[in-house]
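To start, the structure under review is shown below, and the notes come after it.
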2 protein chains.
Amino acid sequence: MLDLNLFENHGIKPSITRIKIYEYLLNHDHPTVDEIYQELKPELPTLSKTTVYNVLSLFHEKALVSTLVLNHKEQRYEINHQPHTHFECIRCGNVYDMPYVQIDYRSIAQDGFEYVNHDFVVKGVCATCKQE
Amino acid sequence: MLDLNLFENHGIKPSITRIKIYEYLLNHDHPTVDEIYQELKPELPTLSKTTVYNVLSLFHEKALVSTLVLNHKEQRYEINHQPHTHFECIRCGNVYDMPYVQIDYRSIAQDGFEYVNHDFVVKGVCATCKQE
DNA sequence: GTCCTTGCAAAGCGTTTGCACAGAA
DNA sequence: TTCTGTGCAAACGCTTTGCAAGGAC
């Protein structure tokens, strides 16, 4: 299921906890620390939130995942793949992936600013909440 | 200096604290609560952070300011005017305003999602930090 | 009098830190 | 042995809440 070479390529030693957390990220879009913790707790009964934080910050440091800052309080994490855009519903708080919006970075470079990364979050009302 | 009709139009009763905080927002880009508190403390010696939070959430509720969520922990606030883009330096943490990036929202509407607002944050290294 | 603004103190909550235990190499 | 992963408990920092005092009306 999970290719361990990916860990090796990023300089991460595998462990059951790390593998489970990574698999969870593969199957769930931008979860919070608490979501990961609550869902993995049954499989890994001795899991602690500290460990989830530790593993995620290791993944982040090794450029395996990126963090996502939204209106809500908690940090969210997602696996690094092609950039895309997020939609956050202001009613239910759910976060959806959206097609990537292409940006022109030339003006940024002109000002002597170096582009590294970007967060683009569209806020509004999701289709489900709109029907209510 | 400050047009009190603006407050009235938004259903906000003026007070010295509210006026000072609003003026601070007029003259400073996206400050944090602590920055506002520290800077206004000399003028308003009995000011408390709770009051800064109260006033800002009133302003936000009355659509006078919007909130801005960045990588750093604290919430930032800015006066509502034409939308623009923010650049956050990953070295010094400073936040700069940037030219507005125009977005095409048609695809969002197609999915039954209603656009309300957006946050666009570019991360990188600012011109000052780049020289070091 | 009532209503509203203000602000102290405490609680809340996501996150980080200190540290120690246990397993791997 | 040393190094590393894990996890409890406490600390930390930003924000919110409870509540009471004082002012506006």
Side-chain angles (χ1 to χ4, degrees), chain A residues 2 4 7-8 10-24 30-62 64-78 88 93 95, chain B residues 2 4 7-8 10-24 30-62 64-78 88 93 95:
Chain A
L2 170 64
L4 284 184
F7 274 22
E8 202 174 321
H10 284 78
I12 297 170
K13 286 192 206 160
S15 78
I16 180 65
T17 314
R18 291 173 179 174
I19 292 168
K20 287 285 179 192
I21 291 177
Y22 190 79
E23 282 179 353
Y24 189 85
H30 26 69
T32 64
V33 166
D34 196 61
E35 283 164 10
I36 299 169
Y37 171 72
Q38 297 298 343
E39 297 253 1
L40 293 184
K41 185 96 186 168
E43 292 178 70
L44 306 169
T46 68
L47 184 66
S48 76
K49 272 197 191 175
T50 303
T51 299
V52 180
Y53 280 109
N54 285 340
V55 171
L56 289 172
S57 79
L58 174 72
F59 286 175
H60 186 240
E61 190 185 310
K62 301 297 188 183
L64 210 61
V65 304
S66 46
T67 61
L68 184 58
V69 184
L70 296 173
N71 227 349
H72 288 261
K73 316 202 161 176
E74 333 89 310
Q75 194 96 7
R76 289 172 179 273
Y77 295 82
E78 63 180 2
E88 182 188 18
V95 180
Chain B
L2 169 63
L4 284 185
F7 274 22
E8 203 173 321
H10 284 78
I12 296 170
K13 287 194 207 159
S15 78
I16 180 67
T17 314
R18 291 172 180 176
I19 292 168
K20 287 286 179 191
I21 291 178
Y22 190 79
E23 282 180 354
Y24 188 85
H30 27 69
T32 64
V33 165
D34 197 62
E35 282 165 10
I36 298 169
Y37 171 72
Q38 297 297 343
E39 296 254 0
L40 292 183
K41 186 97 186 166
E43 292 177 69
L44 304 169
T46 68
L47 184 67
S48 77
K49 272 195 191 177
T50 303
T51 299
V52 179
Y53 279 107
N54 285 340
V55 171
L56 289 172
S57 78
L58 175 71
F59 286 175
H60 186 242
E61 188 185 312
K62 301 296 188 182
L64 210 61
V65 304
S66 46
T67 61
L68 183 59
V69 184
L70 297 174
N71 226 349
H72 288 263
K73 318 202 160 172
E74 333 90 309
Q75 194 96 7
R76 289 172 180 271
Y77 294 84
E78 65 179 359
E88 181 188 20
V95 181

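A note on names: the letters A, B, ... follow the listed sequences, proteins ahead of strands, and every chain is numbered from 1.
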Check: So which heavy atom on A:Glu43 is nearest to which on A:Glu39, and how close?
Finding: OE2-O, 4.4 Å
Notebook entry, point to check: Nearest 0.5 Å, what's the NE2-CD distance between A:His30 and A:Glu74?
Noted result: 13.0 Å
Checklist line | Heavy-atom donor-acceptor pair, A:Arg18 side chain to A:Lys13 backbone, under 3.5 Å | finding: yes
Checklist line | Residue pair A:Glu35 / A:Tyr24: nearest heavy atoms and the distance that separates them | finding: O-OH, 4.0 Å
Next item on the list: Report which part of the nucleic acid B:Thr17 touches: base, sugar-phosphate, or nothing (heavy-atom distance under 4.0 Å, all strands).
Entry: sugar-phosphate
Margin query: I need the B:Thr17 OG1 to B:Leu44 CG distance, nearest 0.5 Å.
Written below: 5.5 Å
Checklist line | Bend angle of the helix from C:dG1-D:dC25 to C:dA25-D:dT1, end axes from five pairs each (to 10°) | finding: 10°
Next item on the list: Could you encode protein contacts along nucleotides 13-19 of chain C as a string, one character per nucleotide from 5' to 3', using B for base contact, S for sugar-phosphate-only contact and - for no contact, with a heavy-atom cut-off of under 4.0 Å?
Entry: -SBBB--
Note to self: Rounded to the nearest 0.5 Å, what separates atom CG in A:Leu58 from atom CG in A:Asn54?
What the structure shows: 8.5 Å
Notebook entry, point to check: Atom CG of B:Leu56 to atom P of C:dT5: distance rounded to whole Å?
Noted result: 15 Å
Item checked: Of A:Leu40, A:Asp34, A:Val33, A:Thr32, the residue whose pairing with A:Ile36 passes side-chain contact (heavy atoms from CB on, under 4.5 Å) -> A:Leu40
Margin query: What is the first contacted nucleotide of DNA chain D and what is the last, in 5' to 3' order, if contact means an atom lying under 4.0 angstrom from a heavy atom of chain B?
Written below: D:dC14 to D:dT17
Margin query: Filter on ring-ring contact (aromatic ring centres under 6.0 Å, His included), then keep only pairs touching residues 33-62 of chain B, sequence neighbours left out; what's left?
Written below: B:Phe7-B:Phe59, B:Tyr22-B:Phe59
Next item on the list: State the NZ-NZ distance between B:Lys49 and B:Lys41, to the nearest 0.5 angstrom.
Entry: 10.0 Å
Expected rows: protein N/O vs nucleotides 20-25 of chain C N/O, under 3.5 Å:
none

Item checked: C:dT5 OP1/OP2 closer than 4.0 Å to side-chain N/O of B:Ser15 -> no
Item checked: Near-strand residues of residues 40-47 of chain B, defined as heavy-atom separation under 4.0 angstrom from DNA chain C -> B:Thr46, B:Leu47
Next item on the list: Please round to the nearest 0.5 Å and tell me the distance separating atom CZ of A:Arg76 and atom CD of A:Glu88.
Entry: 7.5 Å
Notebook entry, point to check: Out of curiosity, A:Leu64 CG to A:Leu56 CG, how far, rounded to the nearest 0.5 Å?
Noted result: 10.5 Å
Next item on the list: Give a yes or no on this: more than 12 heavy atoms of other residues, nucleotides or ligands lie within 6.0 Å of atom CD of B:Glu8.
Entry: no
